[in-house]
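Please read these numbers as outputs of a predicted model, since none were measured by experiment.
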Amino acid sequence: MSKYRTHTCNELRKDDVDKKVFLSGWINKKRDHGNLLFIDLRDNYGVTQCIIDKDNKNFINLEKTQLETVVKIEGKVVARSGDTVNKEIGTGEIEVTIDSYEVLGSCKELPMPVFSDQEYAEEIRLKYRFLDLRRKKIHENIILRSKVISHIRNEMTKLGFLEFQTPILTSSSPEGARDFLVPSRLNPGKFYALPQAPQQFKQLIMVSGFDRYFQIAPCFRDEDARADRSPGEFYQLDLEMSFVDQEDIFNVVEKLMVNTFKTFSHKKLLSEKFPRITYKDAMLKYGSDKPDLRNPLIINDITEIFTREDVSFEIFKKLVKSGSKVRCVITKNTKDKPRSFFDNIDKWAKEQGASGLAYFTFEKDPELSGKGPIGKFFSKEALFEIMNLTNAEVGDSIFLACGKQNELEKITSQARNKIAEDLNLIDEDVFAFCWIVDYPMFEKDEVTNKIEFSHNPFSMPQGDLTEKKLENPLELLAYQYDIVCNGIELSSGAIRNHKPELMYKLFSLAGYDKKQVDEKFSGMINALSYGAPPHGGIAPGIDRIVMLLANEKNIREVTMFPMNQNAQDLMMNAPSEVNPEQLKELNLSLKNKK
RNA sequence: GGGGGUGUAGCUCAGUUGGUUAGAGCGAUCGCCUGUCACGCGAUAGGUCGAGGGUUCGAGUCCCUUCACUCCCGCCA
């Protein structure tokens, strides 16, 4: 028996009445009636009401003890009378009458209350994270995270995957995000980089013949934060398999995701077989490669309408002539929505930096007509053709935007979300997964006009790669895929290119010569030359999975010790200055601060 | 790097058109209270209104600058 407790604070029930017990925990809440004192004692497992009255010599001192003091209580379990039972807590049918107590850890005046469902400023929560983490919601989130990770480990092991660790100090790679660098003492002037992902290592594990690998892998990227993106570091379920094609990966991961989400959430899955959407389709229909499929709205291209004689909306017609496109979102049965609904969306679009969203409603009274600011510019026949192209019906409304393709994708994608939100079209009780497939291998940088890898340079291109096909690199698709859930990118993966000759060719298209490839990817390219199996993998983001399961909008709610938006740890004071000796050892000197 | 929001007591917030000595709840301290579970009642302490500058007879409130936090854009193979 523990010297501190016979039971946890969520253990005692009616059957335990009359037992002498020790409980240890934090004073969650006191209710002081002057001659009678209730204490809610809290630990990781729950809360037990303890009670003491003025006849006990300890009463006076206990009455004055601060909340969040850690105490050991010795007492007896008694049943509560019917009207004093608390159904909210597991131990609500009993209470513990206190005989004596001992302070195990005293507590200063609290900078933030632990017992409260109030929202606190992020700054104080992060500075006193150890207090914040005592609070119910986030405490449970962190426990959920632990359970999800254990579950995934078990499942992966059952599926025959082996868990390996890969180096944290590694080399900087030229593609991808900004690296975190670590100076090398033994190699003056040289730097390690923290891995953005164990990408090359996991491929080397396959080349080493281990067949199936996984790891709950820390990844480090020095990029700016978002609500769903921690600055600095995050975790991936990194996995890789040999002798597989795309289908084999999809099978394994789809099962794992369905299993995990069913185990840890009561929300429905929109589809257990994840729909597959090509990158091209996604960009057209949703304006994004991470569409929220809970949102029923779909984007249509109706550029051709603006080449018709019987359409007189000259602004758009002129733009279309000079190469712009027109895309639209249809909202069902919105003819009776107030003018303010439409104008708000137009105003919102202007705030997003677009030139606004034109709109009108399809009406029939008795002739088909467009009602709204620009409705009059379309003939009956043109309206009919739009309805044809977009599956719109009388009573529906249409929001239109005109511009260059990438501007259009951006604004229509945002508009799709905004309108669905305004019309309350999103079912919050659903997880909608999909695969995004057939990513292009390369894309053109708009500023430099250079051809660059659009995703991962190690991905296998699709199809027979004759010299002719390589002449049009922008047409090349890759065996590259993402999992998206509720509009959040959960993972990306690929079948890898395991053929060094092909690798050199692809890198040369992106402007790297053989020598550069040999230098930058020496480990990889060398290994692929000594008998590499076909292989592929994926890396679902652990933090985002837990965020979805915990129903949180912010990744810090499922991260134990997160940094703030400026990548500072307010509790540990990181990053911090170092002393001159340390710098000297590392052969570093600092420029004078401005 | 850019745009939006926020910043008032230890914590969460209110503060009207610029007008007397800046308020409330929780927490703290003190007192009363034997069945509460957000216990109740009374009192006390607690303020560089983020900082600096300006306009004004007068600024928490208006203007400028700046800082912090946050959301978004850029960025994130």
[atom1] spacing across the pair [N] / [M], given as an integer number of angstrom:
{"N": "B/A14", "M": "B/U6", "atom1": "P", "answer": "10 Å"}
{"N": "B/A59", "M": "B/G53", "atom1": "C1'", "answer": "13 Å"}
{"N": "B/U8", "M": "B/C69", "atom1": "C1'", "answer": "16 Å"}
{"N": "B/C32", "M": "B/A24", "atom1": "C1'", "answer": "23 Å"}
{"N": "B/G10", "M": "B/A45", "atom1": "P", "answer": "15 Å"}
{"N": "B/G60", "M": "B/G47", "atom1": "C1'", "answer": "11 Å"}
{"N": "B/A43", "M": "B/C33", "atom1": "C1'", "answer": "15 Å"}
{"N": "B/C11", "M": "B/U66", "atom1": "P", "answer": "27 Å"}

Of the options [options], whose atoms approach the side-chain atoms of [X] most closely?
{"X": "A/Leu36", "options": "B/A38, B/A28, B/G35", "value": "B/G35"}
{"X": "A/Arg178", "options": "B/G27, B/C75, B/C69", "value": "B/C75"}
{"X": "A/Glu109", "options": "B/C33, B/C72, B/A28", "value": "B/A28"}
{"X": "A/Tyr120", "options": "B/G35, B/C11, B/G27", "value": "B/C11"}

Legend entry - Between A/Phe507 and A/Phe521, ring centroids under 6.0 Å: yes
Complementary nucleotide for [N] - Watson-Crick or wobble, under 3.5 Å:
{"N": "B/C11", "result": "B/G25"}
{"N": "B/C62", "result": "B/G54"}
{"N": "B/G40", "result": "B/C32"}

When we call it a touch if two heavy atoms are under 4.0 Å apart, what does [X] touch: a base, just sugar-phosphate, or nothing?
{"X": "A/Asn554", "value": "sugar-phosphate"}
{"X": "A/Pro457", "value": "base"}
{"X": "A/Phe458", "value": "nothing"}
{"X": "A/Gln565", "value": "base"}
{"X": "A/Gln199", "value": "base"}
{"X": "A/Ser454", "value": "sugar-phosphate"}
{"X": "A/Asn564", "value": "sugar-phosphate"}

N/O donor-acceptor pair, side chain [X] with base [N], under 3.5 angstrom:
{"X": "A/Gln49", "N": "B/U36", "value": "yes"}
{"X": "A/Arg80", "N": "B/U36", "value": "yes"}
{"X": "A/Glu95", "N": "B/G35", "value": "yes"}
{"X": "A/Asp224", "N": "B/G74", "value": "yes"}
{"X": "A/Arg229", "N": "B/C75", "value": "yes"}

Considering just the side-chain nitrogens and oxygens of [X], establish if one lies under 4.0 Å of OP1 or OP2 belonging to [N].
{"X": "A/Lys29", "N": "B/C39", "value": "yes"}
{"X": "A/Asn566", "N": "B/U70", "value": "no"}
{"X": "A/Arg31", "N": "B/U36", "value": "no"}
{"X": "A/Gln568", "N": "B/C69", "value": "yes"}
{"X": "A/Gln118", "N": "B/C26", "value": "no"}
{"X": "A/Arg226", "N": "B/C73", "value": "yes"}
{"X": "A/Arg556", "N": "B/C71", "value": "yes"}
{"X": "A/Lys30", "N": "B/A38", "value": "no"}

Inset, instruction - For A/His33 and B/C33, say yes or no: do the ring centres fall under 5.5 Å of each other while the ring planes differ by less than 30°? - result: no
Please give, in whole Å, the distance from [N] [atom2] to [X] [atom1]?
{"X": "A/Ile124", "N": "B/G7", "atom1": "CD1", "atom2": "P", "answer": "16 Å"}
{"X": "A/Ile51", "N": "B/C39", "atom1": "CD1", "atom2": "P", "answer": "14 Å"}
{"X": "A/Lys290", "N": "B/C72", "atom1": "NZ", "atom2": "C1'", "answer": "12 Å"}
{"X": "A/Glu223", "N": "B/G1", "atom1": "CD", "atom2": "P", "answer": "14 Å"}
{"X": "A/Tyr128", "N": "B/U12", "atom1": "OH", "atom2": "P", "answer": "12 Å"}

Inset, instruction - Return the minimal non-hydrogen interatomic distance between A/Val77 and A/Arg13, and the atom names on each side. - result: CG1-O, 4.5 Å
Legend entry - A/Lys202 to A/Tyr213 six-membered ring, cation-pi geometry met (6.0 Å, 45°): no
Mark yes or no for whether [X], through its side chain, and [Y], through its backbone, hold a donor-acceptor pair below 3.5 Å.
{"X": "A/Arg229", "Y": "A/Asp224", "answer": "yes"}
{"X": "A/Tyr279", "Y": "A/Asp289", "answer": "no"}
{"X": "A/Arg556", "Y": "A/Leu126", "answer": "no"}
{"X": "A/Lys280", "Y": "A/Asp438", "answer": "no"}
{"X": "A/Asn56", "Y": "A/Ile98", "answer": "yes"}

Legend entry - 5′-ward residue of the pair A/Lys64/A/Ile89 relative to RNA chain B: A/Lys64
Legend entry - Residue whose nearest RNA chain B nucleotide is more 5′ - A/Ala197 or A/Thr65: A/Thr65
Legend entry - Any A/Asn456 side-chain heavy atom under 4.5 Å of A/Gln480 side chain: yes
